[in-house]
Colleague: 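Just dropping this structure here.
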Amino acid sequence: MSTQRKQYPFTEFEPRWQQHWLEAGAFRAANPGDADFDASKPKYYILDMFPYPSGDGLHVGHVEGYTATDILARFHRMQGFNVLHPMGWDAFGLPAEQYAIKTGQHPRVTTARNIDNFRRQLQAVGFSYDWDREVSTTDPAYFRWTQWIFLQLYNAWFNPATCKAEPISTYTGTEPDSVRLAYVAEMPVNWCPQLGTVLANEEVVDGKSEVGGFPVERRPLRQWMLRITAFAERLLDGLDGLDWPEGIKLLQRNWIGRSKGALVKFQIANAPCDVEVFTTRPDTLFGATYMILAPEHPLVATITTPEQIEAVEKYKASVASKSDLDRTELNKEKSGVFTGAFAINPVNGEKIPVWIADYVLMGYGTGAIMAVPAHDERDFEFATKFQLPIREVVRDNSANDTSSCFAGEGVAVNSGFLDGLQTAEAKQKITAWLEEKALGRGTVNYKLRDWLFSRQRYWGEPFPIVWEDGNHRALTQDELPVIQPDMEDFKPTGTPEPPLSKALEWLKYSDSAQRETNTMPQWAGSCWYYLRFCDATNSDRFIGKEADEYWMARNAKPGGVDLYVGGTEHAVLHLLYARFWHKVLHDLGHVATPEPFQRLVNQGMILGPDGQKMSKSRGNVITPDSVISEYGADSLRLYEMFMGPLEQMKPWSMKGVEGVYRFLARVWRLAMQENQEGEWILSSDLAEIPLNSQQLRIAHATIKKVTSDIRLLAFNTAISQMMVLTNEFVNAKPRPLEALRILLPLLSPFAPHLAEELWSRLGFAGLASKQPWPVHDESLLVENEVELAVQVNGKVRERLVISKVATKEEIEIAALASAKIQEATAGQTIVKVVVVPGKLVNIVAK
RNA sequence: GCCGGCGUGGCGAAAUGGCAGACGCAAGGGACUUAAAAUCCCUUAUUCCGAAAGGAGUGUGCGGGUUCGAGUCCCGCCGCCGGCACCA
């Protein structure tokens, strides 16, 4: 193939049109206030998840999502929308820093080089981004505002009375530092010695770092945290108004993990202290036969009896030495130790033993549970192993065996005043009882934890914070941006001290104050980039009011971005963090909408030709550059869309690329032919003649289907239909020019270079990408006669050509009159005749 | 273990409950050509009957059900992919 002559001269015209669009500013989106801004047009904000500009360059997986959004962007422009379709770079992050350490080059240099390469690649695919709005998270003019948003968080608190973020000045308590949305805490964190950094829980997979797969240990460390848990309920509620795949909403709901239950206070026998437990099944309180504390629970030391101290300490030590990996792997078998202490079950005064076990986590609820082995799998397993009593207190409504554990809902038994109540009622009654006796209360718990927001890295946004006399203090807005110092040596220190701690001069803010040396995680920059795109060069605000009102709020929906396309890997973290920041900014009056992204679509992964995930080690990586040089950008775009449904996972096939390439060449030859010298000239078959009725019908059916399929993101079937149309005209001689006037605008979002080139060679006015979108004429689609199938007992026995407007009765008579049908039903009684006009007739005979 | 998603030709895939396999790939045959490539045309789910025209049957992971009619809806399984994983 590569040695062959190209079937059409894409190598010549594709770069030419790319340059033309760029120079003409063809896809520039005007902002409110600009001279050429037309406020009467509706807006459409279509956003890609911006890439991390890696050294490997653009991937065909990127191109899939980006092509889908590009088609939609171009389509909406042609439909008269003001389209915001921007691109930028999520360019802070660990790989750049590690590469820098390896090669000694400054990450600023390698990042700039990678960005240039990504931009070149994206432009070579012909994407219609408004490059005037390009942003990079590493640009001080950008991260100045990331730091500014951090200051908003620092200077705000969550007011439980209003359920909103408010300026810290409205807080009337005595300890503002204990309620800020950005706060400092000593946290057991995931320290990765090899990476020399602390990782977020989300960056640790199976006890190893997600990047690199290095072991991770738990260590207590002073960290910046963001109080995302305060927004748990709002983040949950907000999902209802969004057009996201239900699966993704569910993922977020599960991640937030709301559960309703009760806190119950247990007195410790012969000791002046009590332990609070959280339970979702307060109705099973009578069945609590023992209690378990997390090994790290602060009361363990207090309550353990002298005889048990040795065993307890030994157990605690063994748990502490386990990495997260060991702890999960050893989960199969329950372990634990008796503390020697007893707690008093408040509901019946029973003395129950208190154990410690690592299946109870300090980080959830109160770090202590009441164990109800009859109705909880884990407690059952534990009780069985350590021969603790099991008491049934809920009977299964569909009553069968009571030998094992029953965790469902039923009727309370052996439960005193709860007996006979259904689980829901029993929960209510016991909660009211506990509240009345001041022994507990109903409450809600979340799995969601606060967001660990600091990293021990060089290549990230520095915090706009200084330390003075052991206290933190925020810088003011006019001190932003805080830029990292230029360092020769940004290697990890080998301790949890961040690399910035080595920049002694930079560190010193004043004689008495030192800068914070942690940096922000990569999520920070991507939490708000969609806002910056609306007003990328504004130096007075992170986003101008007018720009926000138009691009984000004009459609009067909760989410501002009309369509957001990206991979599922960001289903939880990025999308949750961005929603959190957005809500804070909204509460503080900085943005108009309550949610960032109205509609979300996840593109499926593209696998290698071998059906495996693409990876360098497997050697099955397809690069966009290689496809473009062989078949051109239009073929790359078209194939990525023709492969199958956008959201589905699908394998690459070079043969498939050739297929769409042939199609594009066929379109080319609808308009062009080669002369004796082998030059492309306008086809002599072209003529200004009207379409015949079949051509008209197919052309208008194509307009209709392509239009609706683009709206449905069903690009593969839209392309099929354009193939049908093209096949129809391949042999038409003379060939109506009108066919190309219809086809080229339809094709233009998909294969913009080819459409543009032919449009211009045919001498049609303007740019193909600026044409109004064709509108179909429904009346041309109607056929006078239709063929319908006649079935006998569901099997097709005859085909009937009949007038489109025939009545049911006429169709039935015609069907029954058919010789084949009479033969097929001979000797049988016709029980029923079902007539579906335009489709079929089904005769039921016995 | 729990929660999602998906199972259709040799392959990628189509199909408001209404003729399964559009469109593309691959394969086979033909036209054009000195020849090849490219291009264009035809065939192509499968089994059986027939010399042929044509005809009969079976087919959407498996087993049931609802319906005149099920790839599509319902119930129960199996397989693959993704997420969560002691969250009390």
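Just so it is clear: chains get the letters A, B, ... in the order the sequence lines come, proteins before strands, and each one is counted from 1.
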Colleague: To the closest 0.5 Å, what do you measure between CG (N716(A)) and CG (L638(A))?
Modeller: 11.0 Å

Colleague: Can you tell me if the side-chain N/O atoms of R253(A) get under 4.0 Å from OP1 or OP2 in C84(B)?
Modeller: no

Colleague: Measure the spacing between CZ of R735(A) and NZ of K733(A) and express it to the nearest 0.5 Å.
Modeller: 6.5 Å

Colleague: Does R797(A) put a side-chain nitrogen or oxygen below 4.0 Å from OP1 or OP2 of A56(B)?
Modeller: yes

Colleague: What's the closest nucleotide to the side chain of T717(A) if the choices are A88(B), A15(B), C40(B)?
Modeller: A15(B)

Colleague: Closest nucleotide of RNA chain B for L250(A) versus for N731(A): which of these residues is on the 5' side?
Modeller: L250(A)

Colleague: When we call it a touch if two heavy atoms are under 4.0 Å apart, what does K655(A) touch: a base, just sugar-phosphate, or nothing?
Modeller: sugar-phosphate

Colleague: On a whole-Å scale, what distance lies between the C1' atoms belonging to G10(B) and C75(B)?
Modeller: 34 Å

Colleague: Quick check for you: among C81(B), C40(B), G18(B), whose closest atom lies nearest to any side-chain atom of M649(A)?
Modeller: C81(B)

Colleague: Under 6.0 Å from the six-membered ring centre of Y359(A) and within 45° of its axis: does the NZ or CZ of K334(A) meet both?
Modeller: yes

Colleague: Between C23(B), U39(B), G83(B), which nucleotide has the shortest distance from any of its atoms to the side chain of M723(A)?
Modeller: C23(B)

Colleague: Looking only at heavy atoms, what is the nearest atom pair of Q7(A) and W680(A), with distance?
Modeller: O-CZ2, 3.4 Å

Colleague: Answer yes or no: is there a donor N or O on one side and an acceptor on the other, between the side chain of K249(A) and the main chain of G247(A), under 3.5 Å?
Modeller: no

Colleague: Considering only C23(B), A13(B), G18(B), which nucleotide approaches the side chain of K650(A) most closely?
Modeller: A13(B)

Colleague: Measure up the W451(A) and Y577(A) rings against each other and bin them: parallel (under 30°), tilted (30 to 60°), perpendicular (over 60°).
Modeller: parallel

Colleague: Does U8(B) pair with anything, Watson-Crick or G-U wobble, both distances under 3.5 Å, and if so, with which nucleotide?
Modeller: none

Colleague: Roughly how many Å is it from CZ in R666(A) to P in C23(B), rounded to a whole number?
Modeller: 11 Å

Colleague: Tell me the partner of G1(B), counting only Watson-Crick (N1-N3 plus N6-O4 or O6-N4) or G-U wobble (N1-O2 and O6-N3) with both under 3.5 Å; none if nothing fits.
Modeller: C84(B)

Colleague: Provide the distance between the two C1' atoms, one in C40(B) and one in A45(B), to the nearest whole Å.
Modeller: 26 Å

Colleague: Does N727(A) have a side-chain nitrogen or oxygen under 4.0 Å from the phosphate oxygens OP1 or OP2 of G24(B)?
Modeller: yes

Colleague: How is T568(A) classified with respect to the nucleic acid when contacts are heavy atoms under 4.0 Å: base, sugar-phosphate, or nothing?
Modeller: nothing

Colleague: Name the pairing partner of C40(B), where a pair is Watson-Crick or G-U wobble with both distances under 3.5 Å, or state none.
Modeller: G30(B)

Colleague: 5'-most contact on RNA chain B: Q791(A) or N445(A), nearest heavy atom basis?
Modeller: Q791(A)

Colleague: Using Watson-Crick or G-U wobble geometry with both distances below 3.5 Å, tell me the partner of A51(B), or none.
Modeller: none

Colleague: Given atom CZ of F715(A) and atom C1' of G24(B), what is their separation to the nearest angstrom?
Modeller: 18 Å

Colleague: For A45(B), what is the paired nucleotide under Watson-Crick or G-U wobble rules, both distances under 3.5 Å?
Modeller: U58(B)

Colleague: Can you tell me how far C1' in U46(B) sits from the matching atom in G9(B), rounded to whole Å?
Modeller: 9 Å

Colleague: Does C11(B) have OP1 or OP2 under 4.0 Å away from a side-chain N or O of S653(A)?
Modeller: no

Colleague: Base, sugar-phosphate, or nothing: which does E246(A) touch, judged by heavy atoms less than 4.0 Å apart?
Modeller: nothing

Colleague: Does A13(B) have a Watson-Crick or wobble mate here (both distances under 3.5 Å), and if so which one?
Modeller: none

Colleague: Measure from the side chain of Q7(A), starting at C-beta and using heavy atoms only, and say which of A38(B), A88(B), G12(B) lies closest.
Modeller: A38(B)

Colleague: What does U72(B) pair with, Watson-Crick or G-U, if both distances are under 3.5 Å?
Modeller: none

Colleague: Would K650(A) and E64(A) pass as an ion pair if we require N to O under 4.0 Å?
Modeller: yes

Colleague: To the nearest Å, how far apart are M722(A) CE and C23(B) P?
Modeller: 15 Å

Colleague: Using a cut-off of 4.0 Å on non-hydrogen atoms, how would the nucleic acid contact of V836(A) be classed: base, sugar-phosphate, or nothing?
Modeller: base

Colleague: Give me the ring orientation class for H570(A) and H574(A): parallel if the planes are under 30° apart, tilted from 30 to 60°, perpendicular past 60°.
Modeller: perpendicular

Colleague: Whole Å only: how far is the CD atom of Q648(A) from the C1' atom of C6(B)?
Modeller: 8 Å

Colleague: C1' atom, G71(B) versus G17(B): distance in rounded Å?
Modeller: 11 Å

Colleague: Could you measure between the two C1' atoms, the one in C32(B) and the one in A26(B), and give it in whole Å?
Modeller: 23 Å

Colleague: With a 3.5 angstrom cut-off on both distances, give the Watson-Crick or G-U wobble partner of C19(B), or none if there isn't one.
Modeller: none

Colleague: Considering only C84(B), C25(B), G18(B), which nucleotide approaches the side chain of V834(A) most closely?
Modeller: G18(B)

Colleague: N793(A) near the nucleic acid: base, sugar-phosphate alone, or nothing, with a heavy-atom cut-off under 4.0 Å?
Modeller: nothing

Colleague: Give me the distance, rounded to whole Å, that separates U72(B) from U8(B) when you measure between the P atoms they each carry.
Modeller: 13 Å

Colleague: Base, sugar-phosphate alone, or nothing: which one does K795(A) contact when heavy atoms must sit under 4.0 Å apart?
Modeller: sugar-phosphate

Colleague: Indicate, with a heavy-atom threshold strictly under 4.0 Å, whether N716(A) touches base, sugar-phosphate, or nothing.
Modeller: sugar-phosphate

Colleague: When syn is taken as a glycosidic angle within 90 degrees of 0, is G9(B) syn or anti?
Modeller: syn

Colleague: Roughly how many Å apart are G7(B) and C48(B), using the P atom of each and rounding to a whole number?
Modeller: 30 Å

Colleague: Taking 4.0 Å as the cut-off, does a side-chain nitrogen or oxygen of R662(A) come that near to OP1 or OP2 on A26(B)?
Modeller: yes

Colleague: Sticking with atom P, work out how far A22(B) lies from U33(B), rounded to a whole angstrom.
Modeller: 33 Å

